[in-house]
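Notes for the one structure printed next.
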Amino acid sequence: MKPIIAITHGDTNGIGYEVIIKTFAAPEMLDICTPIIYGSPKVAKHHIKELGLEANFTIISSIMDFHHGRINLIPVVEEDVKVEFGKPSKESGSAALKALEKAMEDFKEGLFEAIVTAPINASSMQCDAFKFNGHTDYMENRIGEGKDSLAILMNQHIRIALATTHSPMSEISKKLTTEYIEKKVETLNKSLKQDFLILQPRIAVLSLNPKANEDGTLGKEEQEIIAPAIKNLMEKKIMTFGPFPAADFFEQASYEHFDAVLAMYHDQGVAPLQAFSSDYAINYTAGLPIIRTSPDCGVSYEIAGKNEADEQSFRQAVYAAIDIMRNRKAHAEAYANPIPKLFHERRDEGERLRFNIPTKKQKDDKQNDKSKEDKAKQND
């Protein structure tokens with residue numbers, strides 16, 4: 001059974017349909033998954049005609065009617081939507097929201113597990129039903145089940161999670177508390193285990209202030225908030241290290257020694273990812289019941305309708321959604337019926353090896369104690 005991947009068409013005046021169409025123009029994509037687009041047949045045809053692309057959609061009324069080996073499209077916009085490439089509008093924002101709302105309804109019915117979202121313009125979508133900064137906040141509200149989400153930017157070489165996302169710089173330090181950072185790292189640690197099958201993740205935490213502010217002259221967040229959070233996490237057997245000054249950390253490629261990095265704010269994580277790597281990055285929303293990925297690009301109004309959009313990031317987002325879906329299933333199966341004693345023995349041994357490696361002196365002392373016990377027994 002090929003995995004079903006839900007797709008929302010995003011802002012209809014942006015590059016959403018272009019990257020979707022180009023992604024699934026490669027026939028092999030339909031061999032690895034079955035795409036179901038929540039969108040508009042008329043808008044899709046308009047994009048195909050204007051961009052000079054070729055694509056065939058199978059229109060279905062419900063996700064239950066999908067066809068393997070085809071690009072399925074569920075109409076979610078009843079009225080005609082005027083397409084004006086490169087221009088934000090309430091009409092394009094409304095079309096994007098309707099696709100999201102229908103997809104979330106189907107997810108809550110258990111009809112799919114993973115979704116790839118095309119770019120939106122959150123400003124154009126603002127209304128009574130959508131008062132959010134983007135996909136992540138909206139999904140956390142609609143289907144989060146009380147769980148906190150975590151944005152992870154990633155490519156083949158690095159995963160960078162963001163402690164804060166769409167926050168003004170003046171508000172960031174107010175959000176950061178020891179408990180807040182602990183929760184973000186715990187969410188990241190859980191995701192690394194179940195979504196990426198990393199048994200004992202190593203997580204680096206960046207500082208908020210320059211040079212990790214070792215002397216405290218530039219602020220006290222490192223000493224009073226971040227370092228205590230790391231200490232508490234280590235006591236919980238979550239391998240967390242830092243805080244590291246961001247400039248040195250990325251310049252020296254220290255991220256290569258960790259499974260993920262927690263950045264304190266948006267640009268602290270995004271800028272090095274884009275500067276240090278030429279590979280296509282994607283966004284992954286961890287911590288929620290749904291598996292949600294998206295391309296690391298915006299609506300790109302400046303090139304919309306010009307057939308200049310690169311679909312590689314969107315294709316990587318589809319690949320990641322498929323991989324994470326399979327990883328979650330493998331993780332659930334592996335831990336469904338563990339043998340209690342054997343499982344705990346292995347887990348404890350792994351923790352001892354990584355957290356409490358005995359020194360030579362400790363080994364010698366232990367051996368001496370054992371020798372004394374043996375002699376005492378012989379004397380008795």
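Geometric assessment of Arg159 against the ring of Phe196 yields a positive cation-pi assignment under the 6.0 Å and 45° thresholds. Geometrically, Arg202 engages Phe241 in a cation-pi contact defined by less than 6.0 Å to the ring centre and at most 45° from the axis.
Side-chain atoms of Phe112 and Phe66, non-hydrogen and from C-beta on, never get closer than 4.5 Å to each other.
Of the N and O atoms on the side chains of Ser313 and Asp296, not one donor lies less than 3.5 Å from an acceptor on the other residue. Looking at Ser294 and Arg292, their side chains do bring a donor and an acceptor atom within 3.5 Å of each other. Side-chain contact of Lys237 with Asn189: a donor-acceptor pair under 3.5 Å is absent, judged by distance alone. Side-chain contact, Thr58 with Asn72: no donor N or O sits under 3.5 Å from an acceptor N or O. No donor-acceptor contact under 3.5 angstrom links the side chains of Tyr138 and Asn133, judged on distance only. There is no side-chain donor-acceptor pair under 3.5 Å between Lys90 and Ser124. Glu84 and Asn13 share no side-chain donor-acceptor pair at under 3.5 Å.
A side-chain donor-acceptor contact under 3.5 Å links Lys22 to the backbone of Ala309. Under the 3.5 Å distance criterion, the side-chain polar atoms of Ser94 are left unmatched by any main-chain donor or acceptor of Glu91. With hydrogens and angles disregarded, no donor-acceptor distance shorter than 3.5 Å links the side chain of Thr293 to the backbone of Asn283. Of the possible polar contacts, one joining the Lys2 side chain to the Leu30 backbone as a donor-acceptor pair under 3.5 Å is found. Between the side chain of Ser89 and the main chain of Ser92, a donor-acceptor pair closer than 3.5 Å is present. Side chain of Glu222 to main chain of Ser207: no donor-acceptor pair is present (N/O by atom type, distance under 3.5 Å, no hydrogens or angles).
For His9 and Tyr17, the ring centers are positioned less than 6.0 Å apart.
Residues Val81 and Tyr301 do not share a hydrophobic cluster, defined by chaining ILVMFWY side chains whose heavy atoms lie under 4.5 Å apart.
Contact check on Lys306 versus Glu18 returns no salt bridge, with no Lys/Arg side-chain nitrogen under 4.0 Å from an Asp/Glu carboxylate oxygen.
Of the residues Thr187, Thr240, Asn232, the one that meets the side-chain hydrogen bond (donor to acceptor under 3.5 Å, both in side chains) test with Glu182 is Asn232.
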